[in-house]
Number of protein chains: 2
Amino acid sequence: MPRLAQENIANENRPLTLRDVSEASGVSEMTVSRVLRNRGDVSEATRTKVLEAAKSLGYVPNKIAGALASQRVNLVAVIIPSLGNLVFPEVMTGISEILDDTDLQPVVGVTHYKPEREEAVLYEMLSWRPSGVIIAGLEHTDASRAMLRAAGIPIVEIMDSDGEPVDAVVGISHRRAGREMAKAIVQAGYTRIGFLGTKMPLDHRARKRFEGFTEALAKEGLEIADQEFYEGGSALVKGREMTEAILTRTPDLDFLYYSNDMIGAGGLLYCLDKGIAVPGQIGLAGFNGLRLLDGLPKQLATMDACRAEIGREAARLIAAHAGDTSAGGERHVLTPKLQYGATLKRR
Amino acid sequence: MPRLAQENIANENRPLTLRDVSEASGVSEMTVSRVLRNRGDVSEATRTKVLEAAKSLGYVPNKIAGALASQRVNLVAVIIPSLGNLVFPEVMTGISEILDDTDLQPVVGVTHYKPEREEAVLYEMLSWRPSGVIIAGLEHTDASRAMLRAAGIPIVEIMDSDGEPVDAVVGISHRRAGREMAKAIVQAGYTRIGFLGTKMPLDHRARKRFEGFTEALAKEGLEIADQEFYEGGSALVKGREMTEAILTRTPDLDFLYYSNDMIGAGGLLYCLDKGIAVPGQIGLAGFNGLRLLDGLPKQLATMDACRAEIGREAARLIAAHAGDTSAGGERHVLTPKLQYGATLKRR
DNA sequence: TAGATGTCTGTTAGCGCTATCATGCACCAT
DNA sequence: ATGGTGCATGATAGCGCTAACAGACATCTA
């Protein structure tokens, strides 16, 4: 039985529908729909009438019904490991910057670096039938890859380029980033090199940097002299602690490579506290190019991960392919730039 | 005309529906729906059959259709000013922590501190008919407040408690935070006090802290001796620059109150660089209690804004009232704790 | 054995919108 | 007048799912 106007009056607190606006303005639901979506020809008089009615009622359209009827959803799923990492909010900023000029809307899902959570988040997101997916990394469970492939929408994997994407990819090569840092360190004359990083075995990008780093050192006939790993806690404090630990154990180290800028900054502060000459006695470098840390006593050597640009480019791809069944398999590899800062000698 | 099986075979790439699973497993759509939602009684044999069919097809349910039919959406809209601020990711973490144990899912919208963007984001979010809204601050446009009131779902305003909420509120009193900091500073014997903050007129919480701060000073017969504002750029660098500027202009200041920890940290690093004795010659304090900064040379005096706890409590309220038409107007005011650190003398 | 009860499955009718086609009407050229 | 051409609006039929009810059948009770 179709709902009658009488019932509407009876139940004051029922959420508003197109019909309410239609009745209030004296035109059909279809015409109201056209006005509210700015689609099709509607006379100026009707348009005004409808808009006024909608506004005075406080009508908010139901996108769920709209999406179901039109088979179009203006959401873009963005799946990242964490929001606490500073890196990811920056990627998000890049994404929003581009999507703000379209009618697309990012929706964020967080995996905490856990593949099974990624799978669950992806499933949840895809069940809303988004117009595209931006997902961090190239490593996913088989089930996740299958879902991505079967979704029939543009997929952009971001941050990393070392591996086989499902569809398009926008990122940097972390292997290469590790290699280049190694080369710069060796070239500067350092030989007793320590590595400090996270314990997370599932941070594939950190792992790849480490692999590239050791590989390039090996080519120069060098090996990592010592290493130290951490998990949890404040990165700045951990950076200090790890630096103290590694230098106590292996005092003759002349370079410390940190897997991220925050622990690098902790190490830098530790060295300065202890009166260790940086970069003379010990050189330091991190990774990410966090602008957040710009005001430290010395600028830490680092390598920019192109976070915002990656976000922008991924969003551009999604926007360009919105409505398509794929992002066209494009491959955008950005080149991270080494920033010497004041903690890595130039030669 | 209802879609026929034949058509399905013809069009290979069509997205899967319940009907496909139903046909593949030989039971009705309704039974498939029951299995996939774990609702109602289904025999073990049928359940297995259906799950296998769904899995082998790679079926992902369409929540849009499900939500429309059931009039239930498991999303919670979370509306915050920014993701770059560090404070908000922490709130998000608290929210997720609680919602992860429910079937609710947070969806984030970012306003960039702009009321008109808040209005737009809110409209967009409400059009998805979420089960609840968590929104930062108590200051909204009239239209936004009207939408919130009319939504007929639980609303929790967070971070701030100085004002009139639409429904429930979870936060701290920033006026009081400012007052307490002022009292502690005066009590420690400082008298020539400078204030450094953001230029943003729309950061109401920072404004309230400032107001509380000056008000409490006035009670002690004191006034702010000088002040300095900034916008944009790296907060650490800005903290240094502002500190230099204010101390050049007013060299006899003996305390600097920063409106956030990041610029406070910049100021601290500047003072240490210049050999200024902290907290002897000059005392320093910030606001937020960012754990991120724990490894600095000296621990900055600050006041914890209870971010994670606010997130958790807000999420708990939403979860408790999911399905209701309001969050019951509860009022949770948390008490920020002063942390003296090593930059504010104790008396 | 009739009826009551419980377990499982299916049928029907929407949810609130939009795509699509149909229609009414004014306006023009013929 | 005839029949095109626009333009503005309305009627109809779903989108893919679920609530609510309606069976079918087996098992139990008296």
Side-chain angles (χ1 to χ4, degrees), chain A residues 1-5 7-8 11 14-23 25-50 54 57 59-74 103 126-129 152 323, chain B residues 1-5 7-8 11 14-50 53-54 57 59-74 103 126-129 152 323:
Chain A
M1 176 186 50
R3 203 175 48 218
L4 303 172
E7 293 180 313
N8 296 353
N11 179 357
R14 180 189 42 75
L16 295 164
T17 73
L18 262 193
R19 157 166 307 209
D20 297 294
V21 183
S22 143
E23 280 166 4
S25 54
V27 300
S28 71
E29 297 178 39
M30 198 56 232
T31 301
V32 176
S33 169
R34 278 195 269 255
V35 170
L36 295 179
R37 287 179 300 142
N38 263 314
R39 201 142 306 184
D41 298 314
V42 181
S43 73
E44 203 42 48
T46 316
R47 152 172 267 92
T48 320
K49 203 164 54 180
V50 168
L57 287 173
Y59 173 70
V60 177
N62 186 329
K63 287 221 177 179
I64 296 177
L68 183 61
S70 67
Q71 303 282 60
R72 272 187 278 100
V73 179
N74 67 338
D103 63 348
L126 288 180
S127 75
W128 288 101
R129 301 289 188 267
Chain B
M1 174 184 54
R3 203 173 47 216
L4 303 173
E7 295 180 313
N8 295 353
N11 180 356
R14 182 188 41 76
L16 296 164
T17 73
L18 262 193
R19 157 165 307 209
D20 297 294
V21 184
S22 144
E23 281 167 3
S25 55
V27 299
S28 73
E29 298 177 39
M30 197 56 229
T31 301
V32 176
S33 169
R34 278 195 270 255
V35 170
L36 296 179
R37 286 178 301 141
N38 261 316
R39 201 141 307 185
D41 299 314
V42 180
S43 74
E44 202 43 48
T46 315
R47 156 173 263 93
T48 320
K49 205 165 51 179
V50 168
L57 288 173
Y59 173 70
V60 177
N62 186 331
K63 287 222 175 176
I64 296 177
L68 183 62
S70 67
Q71 303 284 59
R72 272 187 278 99
V73 179
N74 67 337
D103 63 348
L126 289 180
S127 75
W128 288 101
R129 300 290 188 266

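Naming convention: chains lettered A, B, ... in sequence-line order (proteins, then strands); numbering from 1 in each chain. Here the structure is a predicted model, which is why all the values come from computation and not from measurement.
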Rounded to whole Å, please give me the gap between [atom1] in [X] and [atom2] in [N].
X         : N       : atom1 : atom2 : result
Asn74(B)  : dC17(D) : CG    : P     : 16 Å
Leu18(B)  : dT12(C) : CG    : C1'   : 16 Å
Ile64(B)  : dC15(C) : CD1   : P     : 19 Å
Arg39(A)  : dA8(D)  : CZ    : C1'   : 17 Å
Leu68(B)  : dC17(C) : CG    : C1'   : 8 Å
Arg129(A) : dG16(D) : CZ    : P     : 9 Å
Arg19(A)  : dA11(D) : CZ    : P     : 11 Å
Glu44(A)  : dT9(D)  : CD    : P     : 11 Å

What is the minimum heavy-atom distance between [X] and [Y], and which atoms define it?
X        : Y        : value
Pro15(A) : Asp20(A) : O-OD2, 4.3 Å
Gln71(A) : Leu68(A) : OE1-O, 3.4 Å
Ser33(A) : Leu18(A) : CB-CD1, 3.9 Å
Val42(A) : Val35(A) : CG1-CG2, 3.7 Å
Ser25(B) : Ala53(B) : CB-CB, 3.8 Å

Within the structure provided, determine whether [X] and [Y] are in side-chain contact (heavy-atom separation under 4.5 Å).
X         : Y        : value
Lys63(B)  : Ile64(A) : no
Trp128(A) : Val73(B) : yes
Val32(B)  : Val27(B) : yes

Would you list the protein and nucleotides 9-11 of chain C atom pairs, both N or O, that sit under 3.5 Å from each other?
unit_1, atom_1, unit_2, atom_2, d
dT9(C), OP1, Ser43(B), OG, 3.3
dT9(C), OP1, Thr46(B), OG1, 2.4
dT9(C), OP2, Ser43(B), N, 3.0
dT9(C), OP2, Thr46(B), OG1, 3.4
dG10(C), OP2, Ser28(B), N, 2.8
dG10(C), OP2, Ser28(B), OG, 3.0
dG10(C), OP2, Thr31(B), OG1, 3.0
dG10(C), N7, Arg34(B), NH2, 2.7
dG10(C), O6, Arg34(B), NH1, 3.3
dG10(C), O6, Arg34(B), NH2, 3.4

Taking only side-chain N and O atoms of [X], does any of them lie within less than 4.0 angstrom of OP1 or OP2 on [N]?
X        : N       : value
Tyr59(B) : dG16(D) : no
Arg37(B) : dT18(D) : yes
Thr17(A) : dG16(C) : no
Gln71(B) : dG16(C) : yes

Listed once per pair and sorted, the salt bridge (charged side-chain N to carboxylate O under 4.0 Å, His left out) pairs that draw on residues 26-47 of chain B, sequence neighbours left out: Arg19(B)-Glu29(B)
Nearest to the side chain of Arg72(A), heavy atoms from C-beta on, is which of dA19(C), dG16(C), dT18(D)? dA19(C)
Overall bend - the helix from dT1(C)-dA30(D) to dT30(C)-dA1(D), comparing terminal axes fitted on five pairs, nearest 10 degrees: 50°
